[in-house]
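Remarks on the structure that follows.
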Amino acid sequence: MRIRISNNRSILTAVAMLLTGGVLTSMCGAYFTTLTDVGFSRSRLWWEVVLNVEILCAALVWFSFIERIKSAEGRRYYVRLAQCFVAMFASLLPVWIAIAGAILGWFTKRPDISAINWLIAVCLGLWACGIALPWVVQVSMERSFRLPPFLKGAGPFSTALRFSPLVLVAGLIWWQETTGGYLHYIYAPVLLYTQGALPYLMRSFRIVEGTGAT
């Protein structure tokens, strides 16, 4: 048994998702660990690093999808467009949060936890819509129900593994809410983006049975 790369371009989107999750976790960590009343970091170096990472993530998503979009025809073309739009929007989420923070004055005044919860609710709503959009486009164009490719051929154990980051998020939230902690605010973003990266990682790698020469 060996693991073979079957779609090297999908790896690019997976890397973009993981990098974005790391950036969001870093932003949340700064909010909960700082001892000042200052809002979002105004460090030029920090934002230069974040923006460069975001440019890299956008480029990774672009190069991951552009050839697939060009070669797609019919319904596949629109499904690929929807997937690219969702991945691009998700990979640039720290930028959208920074823009919202600038509009709401969060760079000069520290937002309270209720504002953070509101922001999280909006992000989770967009995340759920983003996951559903490509599948809805595909089903509406085919006019028949289909399981998302991520769930095809998955048994109970395999399905649990495929949703393990989401299960970890739920467990982390329950644990921290019962103990009065805040770690779920910090680590949930990277876990949720790991969940978003899993379909691309599964598309990139295949387990090949046998050891014979090819």
Side-chain angles (χ1 to χ4, degrees), residues 3-28 40-41 43-103 119-120 122-142 146 148-152 162 165-166 188-206:
I3 298 176
R4 178 172 62 88
I5 297 178
S6 61
N7 189 334
N8 54 5
R9 285 185 178 269
S10 291
I11 299 176
L12 301 180
T13 301
V15 171
M17 294 294 105
L18 295 174
L19 287 174
T20 303
V23 170
L24 290 172
T25 285
S26 179
M27 293 172 67
C28 293
F40 286 0
S41 173
S43 168
R44 179 177 177 179
L45 177 61
W46 160 253
W47 284 108
E48 283 184 357
V49 171
V50 169
L51 290 177
N52 279 301
V53 171
E54 289 296 278
I55 291 171
L56 173 61
C57 290
L60 290 173
V61 172
W62 175 261
F63 286 116
S64 176
F65 277 97
I66 185 60
E67 293 301 325
R68 297 172 64 199
I69 292 174
K70 287 181 178 179
S71 62
E73 296 180 356
R75 63 176 178 80
R76 287 185 178 274
Y77 175 78
Y78 296 100
V79 173
R80 297 289 181 263
L81 277 180
Q83 290 173 333
C84 182
F85 171 78
V86 170
M88 188 69 73
F89 187 91
S91 67
L92 294 176
L93 185 59
V95 174
W96 310 134
I97 291 176
I99 293 173
I103 295 173
L119 178 64
I120 291 172
V122 171
C123 290
L124 288 176
L126 292 173
W127 183 73
C129 291
I131 290 176
L133 179 60
W135 177 74
V136 170
V137 170
Q138 183 172 2
V139 170
S140 62
M141 296 194 69
E142 293 183 349
R146 288 183 66 175
F150 181 58
L151 296 177
K152 282 185 178 179
R162 296 181 190 198
L166 204 57
V190 71
L191 288 172
L192 288 173
Y193 269 80
T194 300
Q195 180 68 64
L198 272 180
Y200 296 99
L201 290 173
M202 293 180 62
R203 191 179 301 154
S204 301
F205 298 99
R206 293 288 184 272

When rounded to the nearest 0.5 Å, the distance separating CD1 of I69 from CZ of R80 is 9.0 Å
Rounding to 0.5 Å, atoms CH2 (W46) and OG (S26) come to a distance of 3.0 Å
Indicate the atoms forming the closest heavy-atom contact of C28 with P189, along with that distance. SG-CG, 4.0 Å
Of all heavy-atom pairs linking V190 and T194, the shortest is O-OG1, 2.7 Å
Can you establish whether the number of heavy atoms outside W47 located under 6.0 Å from its atom CH2 is more than 12? yes
Measure the shortest side-chain to side-chain distance between W127 and L192 over non-hydrogen atoms and say whether it is less than 4.5 angstrom. yes
First locate atom CH2 of W62, then atom CD of E67, and finally report the distance between them rounded to the nearest 0.5 Å. 10.0 Å
Show me, pair by pair, the donor-acceptor contacts under 3.5 angstrom made by side chains of residues 89-99, not counting sequence neighbours?
| from | atom 1 | to | atom 2 | distance (Å) |
| --- | --- | --- | --- | --- |
| S91 | OG | A87 | O | 3.2 |
| S91 | OG | M88 | O | 2.9 |
| W96 | NE1 | F89 | O | 3.2 |

Once you round to the nearest 0.5 Å, how far does CG of L201 lie from CE of M17? 11.0 Å
Passing candidate, side-chain contact (heavy atoms from CB on, under 4.5 Å) with C57, options T13, L18, T20: T20
As an exercise, state the distance from CZ of R76 to CD of Q83, rounded to the nearest 0.5 Å. 9.5 Å
Gap between atom CG of L24 and atom CG of L19 - 0.5 Å precision: 11.0 Å
Side chain of S64, backbone of L60: donor and acceptor closer than 3.5 Å? no
